[in-house]
Structure formats: C-alpha cells, structure tokens
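A short worksheet on the structure shown next.
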Amino acid sequence: MRIFVFDLDFTLWDAGGGWCDTTNPPYTWENGRLLDSCGDWIRLYDDVIDILKELKEQNKHVVAASRTYQPGWAQDLLHMFDIDQYFDLKEIYPSSKIKHFRRIQNHFKVPYSKMVFFDDEHRNIHEVGGLGVRAVYVNDGINHRMLRPYI
Ligand SMILES: [Mg+2]
C-alpha cells in the first residue's frame, strides 16, 4: 500500500473517553499527561508514534481523515502530541468520509486500491470500503499488529 489514512478519535487517540469535540480546550501537559481544562486525560495509543515514524521511513504517504465538529481542536492535539509533522495531508471537517477520500485521491492521484484506511466506526468502514479502499476496523486503537499486513 502507498497511502495510509487514519481516523483520529479512538483510532490514534482516546480523548478523555470521548471524541475530541467533546473536550474542553485549552490543553496542557502535566506530569507527562495531556489534559484538557477539566482535567480529562487525552492519550495517544501506545504504538502511534512508532507507526507514524515507520511509515515515513518507508516513504509512505500518511493522511489524517476525521469528521470531527471541531477541526481546530483536533489540529491543536496533533500539534500538542508533536505528530503533526508526520502527515502529508489532513482532511478534517464534518462530512461523510467519501468526501475526504475523494480529496485524498485528487491530491495524490493514486487509485483507491493503493490506499488503506483505519477507523473505529463501521459506518465509515462501510462507506469508504465501497470506494475500493482497503478499510480496516479498529477495535481498541491502532497498533503494530494491525499495520503489519499492509506495509
Ligand atoms: Mg473515530
């Protein structure tokens, strides 16, 4: 696969037990934990940074595709976690993810069959899979084992 597309909420991170658009910015680091202003802990899943580094080392394209209602907050979190640097493209806005993938396809000019997509919601897996993208359901955050068949 040439293009690796990741959902954000419950795929790369757990935003205090909810979606990032239910958090309360601003975010601050305290004792190694990223907290929102209510003290809820927003955490990356354990393998995320290693996975993103590995994909970039292999010259893969890495894309974020989120339908959050608070794109600015998602962008803040990417920055606070210092993982913004790994993404070649970010498509972050509310909409069916069909729109996100049309824009990804238009940007890279790569067929859907060369893309793999990880997401924790069946509706997104179903819609995007219908385009011909390899869509992989994520149960408890992304991990190395899930990536392995596609690298
Ligand atoms: Mg999600």
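Ligands are counted one by one from 1 in listed order, and the atoms in each one are counted from 1 as well.
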Inset, instruction - Please name the pair of heavy atoms, one in Met146 and one in Val136, separated by the smallest distance, quoted to 0.1 Å. - result: CE-CG1, 3.8 Å

Inset, instruction - Quick one: name the protein N/O/S atoms under 2.8 Å from the Mg ion (ligand 1), chain by chain. - result: Asp7 OD2, Asp9 O, Asp120 OD1

Legend entry - Cation-aromatic face contact Lys114/Phe108, 6.0 Å, 45 degrees: no

Inset, instruction - Check the side chains of Asn106 and Lys109 for a donor-acceptor pair under 3.5 angstrom, ignoring hydrogens and angles. - result: yes

Inset, instruction - Ignoring hydrogens and angles, tell me if any N or O in the side chain of Asp36 forms a donor-acceptor pair with the backbone of Asn24 under 3.5 Å. - result: yes

Legend entry - Sequence neighbours excluded, every pair satisfying salt bridge (charged side-chain N to carboxylate O under 4.0 Å, His left out) that has a member inside residues 59-85: Asp84-Lys90

Legend entry - Hydrophobic cluster membership, Leu55 vs Phe117, 4.5 Å side-chain cutoff: no

